[in-house]
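The structure displayed is predicted, hence computed values, not measured ones. Side chains are part of it too, since the values below use all heavy atoms of this structure and drop only hydrogens, waters and symmetry mates.
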There are 2 protein chains.
Amino acid sequence: MLLSTKGRYGLKASLELAFFYGKGPLNLKSISEKYNIPESYLEQLLSKLKKSGYIDTIRGKQGGYLLAKEPKDITVGMILRALEGEITSSDCLKNDKCGEENTCVTRIIFEDIEKSINNIIDNTTLEDMIHKRKQIYKEAH
Amino acid sequence: MLLSTKGRYGLKASLELAFFYGKGPLNLKSISEKYNIPESYLEQLLSKLKKSGYIDTIRGKQGGYLLAKEPKDITVGMILRALEGEITSSDCLKNDKCGEENTCVTRIIFEDIEKSINNIIDNTTLEDMIHKRKQIYKEAH
DNA sequence: TCTAATCTTGACAAAATTAGTAGGGTATTA
DNA sequence: TAATACCCTACTAATTTTGTCAAGATTAGA
């Protein structure tokens, strides 16, 4: 499994914020209920996204969360990495301790996989995803 | 992390067997020592690969493990799936229970990722990897 | 035939990671 | 000033990964 619920939940929440971009803050409860995500858990995820600079918050009554940048300037990769750490195919790419960095063939295939994953997540923005959702919605109606 | 040590260890061992294809069996210890994999652990992995039909075994003295098919007929995907189960990017693709299978955009990106991973592992055979290793070896000398 | 080398099987356990829960604190505003 | 909403830290439960262990079955070769 490449992605845990962290990345999944966080990406859904980010997308929800992207939808509301420019329309004021969304509070935690509304997101957690809509996507059926435990409130406290989601809070931790959004806190990470805030620290990474992708979302802003407004405290107090009428407060909530909002995207800190335009949806077109936030990629799926940014969100996933903030929540899950570097997205990697295999541990052997992280710790260069296998002693065969230069001759290990399995390493090569892991690198290929990783490149192709990164290629996708770094080239898809939240805006792209919103467009896609609209498309899907059209097709369904 | 997409792949655990299971897939990594198992793939390395399979590749080792591919190298020795047609040259008699390799015993557990020789593989586990060469790649620094706990013997009992590797044993379990090879046992799975046997059950999946990718390797054969010979018991008793002078026995060991050998590839059950030609290296060109075994893909990386076969090995990885036998050891790790279906290679998937996100749980939401397995259990179709999110209730939004048809309108969920995050799902689409997870599917894209998964396709690209499968594309790589299903189109690389053990033979391909042996060729690559030979290439690497040449370059290094 | 005996023995050492091998694989076979299943149960168990330690460690790490994931997925939460809980609760008190702080800021804002109506 | 009370209600709303984010903030922060610690704890816990569940799951998965990564092994360990021990008793057995099979075979080659002395």
Check your understanding: Do A:I130 and A:L66 share a hydrophobic cluster (ILVMFWY, side-chain heavy atoms under 4.5 Å, transitive)?
Key -> no
Check your understanding: Pick the nucleotide of DNA chain D nearest each of B:E84 and B:E39; which residue has the one closer to the 5' end?
Key -> B:E84
Review point. Would A:K132 and B:D112 satisfy salt bridge (charged side-chain N to carboxylate O under 4.0 Å, His left out), going step by step from the backbone distance to the final call?
Key: CA-CA 13 Å; A:K132 267 193 192 167; B:D112 283 351; 3.7 Å; yes
Review point. Checking all strands, does A:L28 fall into the base, sugar-phosphate, or nothing category for heavy-atom contacts under 4.0 angstrom?
Key: sugar-phosphate
Check your understanding: Base, sugar-phosphate, or nothing: which does A:S40 touch, judged by heavy atoms less than 4.0 Å apart?
Key -> base
Review point. How long is the line joining CD of B:E33 and P of C:dT6, in whole Å?
Key: 11 Å
Review point. Separation of A:L45 atom CG from D:dC6 atom P, in whole Å?
Key: 14 Å
**Study point:** Contacting residues from residues 47-57 of chain B, given that a heavy atom lies under 4.0 angstrom of DNA chain C
**Key:** B:K50, B:T57
Check your understanding: Quick one: do B:R133 and B:D128 make a salt bridge, cutoff under 4.0 Å?
Key -> no
Check your understanding: Over how many whole Å does the gap from A:L42 atom CG to C:dT18 atom P extend?
Key -> 18 Å
Point to revise | Closest to the A:P38 side chain, choosing from D:dT18, D:dC8, C:dG20 | key: C:dG20
Check your understanding: Does a salt bridge link A:R81 with A:E86, judged by any charged N lying under 4.0 Å from a carboxylate O?
Key -> yes
**Study point:** Side-chain N or O of A:K6 closer than 4.0 Å to phosphate OP1/OP2 of C:dA19
**Key:** no
Exercise for review: Can you tell me the distance, in whole Å, between the CG atom of B:D91 and the C1' atom of C:dT17?
Suggested key: 14 Å
Review point. Do B:Q44 side-chain and D:dT20 base share a donor-acceptor contact under 3.5 Å?
Key: yes
Exercise for review: Calculate the interatomic distance between A:E43 atom CD and C:dT26 atom P; express it in whole Å.
Suggested key: 15 Å
Exercise for review: Look at A:E111 together with A:K115 and state whether they make a salt bridge at an N to O cut-off of under 4.0 Å.
Suggested key: no
**Study point:** Spacing of A:L83 atom CG relative to C:dT17 atom P, expressed in whole Å
**Key:** 17 Å
Review point. Using a distance-only test with no angle check, is there a side-chain donor-acceptor pair under 3.5 angstrom linking B:S116 and A:S116?
Key: yes
Exercise for review: Remember a base hit wins even if backbone is also touched, and classify A:L26 as base, sugar-phosphate or nothing at under 4.0 Å, heavy atoms.
Suggested key: sugar-phosphate
**Study point:** Nearest heavy atoms of B:T106 and A:K12, plus distance in Å
**Key:** OG1-CE, 3.6 Å
Check your understanding: Which sits closer to the 5' end of DNA chain C, B:K29 or A:Y41, going by the nucleotide each is nearest to?
Key -> B:K29
**Study point:** Short side-chain N/O contact from A:Y9 to OP1 or OP2 of C:dG20, under 4.0 Å
**Key:** yes
Point to revise | Short side-chain N/O contact to C:dT6 OP1/OP2 from B:Y65, under 4.0 Å | key: no
Exercise for review: Apply salt bridge (charged side-chain N to carboxylate O under 4.0 Å, His left out) to the pair B:E16 and B:K34, showing each step before the final yes or no.
Suggested key: CA-CA 10 Å; B:E16 187 72 8; B:K34 176 159 183 181; 3.1 Å; yes
Check your understanding: Which nucleotides of nucleotides 25-30 of chain D have their base under 4.0 Å from a protein heavy atom (B), which only their sugar-phosphate (S), and which neither (-), written as one string 5' to 3'?
Key -> BBBBS-
Practice item. Take A:D56 and A:K50, measure what side-chain contact (heavy atoms from CB on, under 4.5 Å) needs, and give me the verdict at the end. Key: CA-CA 6 Å; A:D56 283 335; A:K50 181 183 180 179; 5.7 Å; no
Review point. Of all the choices, C:dC7, D:dA5, C:dG20, which nucleotide is nearest to the side chain of A:N27 once you look at every atom?
Key: D:dA5
Practice item. Check the pair B:Y65, B:L17 against side-chain contact (heavy atoms from CB on, under 4.5 Å), reporting the backbone distance first and the verdict last. Key: CA-CA 7 Å; B:Y65 298 88; B:L17 295 180; 4.1 Å; yes
Review point. What is the distance, rounded to the nearest whole Å, between atom CG of A:N36 and atom C1' of C:dA19?
Key: 14 Å
